[in-house]
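Since the structure comes first, as structure tokens, the remarks are kept for the end.
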Amino acid sequence: MPPPRACDALGAPLLRPMPTSLLCPAYRVVTSRVVLRCWEPADTAALHRVIAENLEHLRPWVSWIEDEPRSMEERLCIVRSMRAAFDADESWSYAVIDADDGELAGGFLLRRIETGNGGDLGGWVAAARGRRGYQSEAAAAMSRVCLEVMRMERVQAVTAVDNERSIALMRKLGFTQQATDGERQKHELLWSISADEWTTSYAAELAADARAYDAIGTRLF
């Protein structure tokens, strides 16, 4: 008997097989403090509120804040676009949810590095929920997803040169500062950790108890 053909949401056969890479990203990652999951349209109002409350907190560190404030309609379009990119295996944006109260605490992004087999991480947390270890656990858990689930060779992240807390976080997790060109080095620092370095890093220790699940709820680690 031939294997069943892949179908779309309405049951119609797909013209070509779904790429196996679509099975790689974790749709939900759980640590002791946070839950990272793909965005849903229902998150729009919460995201709109949290960004409005944190404009000045975020302004020095994230470039997209220059386009704020946005309307609720624009926000919904952004959320839908993030989810579409996630499902299309283009980039993976996550809502960061407080594991204790279920409230939105921030956002996290994973993208593939344009050259080489690696991932690029970035994220933010609301000011009121800072200094609780959310960023540490999110970065460590998502690094584990990159290296163990998606079989990447390294993970990188960028920090502003004057963002002392982010710089301290990178060093604590075991990321190493990489060389950058002179113009870039004036504004940002590049950090990375390889699959080999990961095994003995604090990030691996921190993510040891994390749990990751794919799109249908199968546990990945």
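What you are looking at is a predicted structure, and each value in this text was computed from that prediction instead of being measured.
- Using a 4.5 Å heavy-atom threshold, the side chains of Val158 and Leu189 count as separate.
- With Glu40 contributing its side chain and Ala42 its backbone, the two residues share no donor-acceptor pair below 3.5 Å.
- With hydrogens and angles disregarded, no donor-acceptor distance shorter than 3.5 Å links the side chain of His57 to the backbone of Ile51.
- Between Ala138 and Leu36, the closest heavy-atom pair is CB-CD2, 4.0 Å.
- For Arg59, the CZ atom counts as densely surrounded, since its 6.0 Å shell holds more than 12 non-hydrogen atoms of other residues, nucleotides or ligands.
- Follow the hydrophobic side-chain contacts under 4.5 Å out from Trp61 and you never reach Val161; the two are in separate clusters.
- Across all non-hydrogen atoms, the minimal contact from Gly106 to Leu104 is O-CD1, 3.4 Å.
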*asked:* Apply side-chain contact (heavy atoms from CB on, under 4.5 Å) to residues Leu47 and Arg75 and explain how you reach the verdict.
replied: CA-CA 8 Å; Leu47 178 60; Arg75 190 81 60 207; 3.9 Å; yes
_What verdict does the side-chain contact (heavy atoms from CB on, under 4.5 Å) test give for Glu153 and Ser194, after you've listed the backbone C-alpha separation in whole Å, the side-chain angles of each residue and the deciding distance to 0.1 Å?_
CA-CA 6 Å; Glu153 296 175 357; Ser194 68; over 6 Å; no
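- We find the CE-CZ distance between Met170 and Arg165 to be 13.0 Å, quoted to the nearest 0.5 Å.
- Shown here are the side-chain hydrogen bond (donor to acceptor under 3.5 Å, both in side chains) partners of Trp191, two or more places apart in sequence or in another chain: Thr159.
- Linking Ile, Leu, Val, Met, Phe, Trp and Tyr whenever their side-chain heavy atoms come within less than 4.5 Å puts Met82 and Val50 in one cluster.
- Residues Pro41 and Leu76 form a side-chain contact, since some pair of their non-hydrogen atoms from C-beta on lies under 4.5 Å apart.
- Judged by distance alone, with hydrogens and angles left aside, the side-chain atoms of Arg132 form a donor-acceptor pair with the main-chain N or O of Ala128 at under 3.5 Å.
- Qualifying side-chain hydrogen bond (donor to acceptor under 3.5 Å, both in side chains) partners for Asn54, counting only residues two or more places apart in sequence or in other chains: none.
- Put simply, Phe108 and Leu147 are part of the same group of oily side chains (I, L, V, M, F, W, Y) that touch within less than 4.5 Å, one to the next.
- More than 12 heavy atoms of other shown residues, nucleotides or ligands fall within 6.0 angstrom of atom CZ in Arg219.
- Residue-environment remark: CG (Asp209) stays at or below the threshold of 12 foreign heavy atoms within 6.0 Å.
- Sorted by first and then second residue, the side-chain hydrogen bond (donor to acceptor under 3.5 Å, both in side chains) pairs involving residues 100-109 (not counting sequence neighbours) are Asp101-Arg129.
- In the hydrophobic clustering of ILVMFWY residues, with side-chain heavy atoms under 4.5 Å counting as a link, Trp64 and Val125 come out apart.
- Interatomic distance, NE2 of His48 versus OG of Ser71, reported as 7.0 Å (0.5 Å rounding).
- Put simply, OG on Ser81 and CZ on Phe86 are 15.0 Å apart, with the number rounded to the nearest 0.5 Å.
- Around the CD atom of Glu90, the shell of radius 6.0 Å holds more than 12 heavy atoms that belong to other residues, nucleotides or ligands.
- Using a 4.5 Å heavy-atom threshold, the side chains of Phe175 and Ser143 count as touching.
- Distance check, rounded to the nearest 0.5 Å: CG of Asn117 to CZ of Arg151 gives 11.0 Å.
- Only one option out of Gln156, Arg154, Gln177, Gln178 pairs with Ser192 in a side-chain hydrogen bond (donor to acceptor under 3.5 Å, both in side chains); it is Gln178.
- Ala160 and Ile167 get closest at one heavy-atom pair: O-CD1, 3.8 Å.
- With 3.5 Å as the limit, one finds a donor-acceptor pair spanning the side chains of Thr31 and Glu137.
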*List the steps, then state whether side-chain contact (heavy atoms from CB on, under 4.5 Å) holds for Val96 with Gln135.*
CA-CA 9 Å; Val96 178; Gln135 285 278 52; over 6 Å; no
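- Side-chain contact between Leu109 and Leu121 is absent, with no heavy atoms from C-beta onward closer than 4.5 Å.
- Between Ile65 and Val62, the closest side-chain pair of non-hydrogen atoms falls below 4.5 Å.
- Residues Ala210 and Ala141 approach most closely at CB-CB, 4.2 Å, considering heavy atoms.
- Contact annotation: the side chain of Trp92 approaches that of Met150 to within less than 4.5 Å [non-hydrogen atoms, C-beta and beyond].
- In summary, the aromatic rings of Tyr27 and Tyr94 are positioned with their centroids too far apart to meet the 6.0 Å limit.
- For the pair Arg33 and Tyr134, the cation-pi test (distance below 6.0 Å, angle within 45°) is failed.
- The neighbour count for Arg111 CZ, taken as heavy atoms of other residues, nucleotides or ligands under 6.0 Å away, does not exceed 12.
- Residue Asp196 holds its CG atom at 11.5 Å from OG of Ser201, rounded to the nearest 0.5 Å.
- Figure legend: Arg144 and Phe221 shown as a cation-pi pair, the cationic atom lying under 6.0 angstrom from the six-membered ring centre and within 45 degrees of its axis.
- When every heavy atom of Leu173 is checked against every heavy atom of Ala139, the shortest pair comes out as CD1-CB, 3.8 Å.
- Looking at Ile193 and Thr176, their side chains never come closer than 4.5 Å, going by heavy atoms from C-beta outward.
- A distance of 6.0 Å separates CD1 in Ile97 from CG in Asp43, rounded to the nearest 0.5 Å.
- Nearest approach of Ser136 to Leu169, heavy atoms of both residues: OG-CD1, 3.1 Å.
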*Assess whether side-chain contact (heavy atoms from CB on, under 4.5 Å) is satisfied between Val34 and Asp98, documenting all intermediate values.*
CA-CA 5 Å; Val34 296; Asp98 190 310; over 6 Å; no
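- Counting heavy atoms from C-beta on, the side chains of Met142 and Val145 come closer than 4.5 Å.
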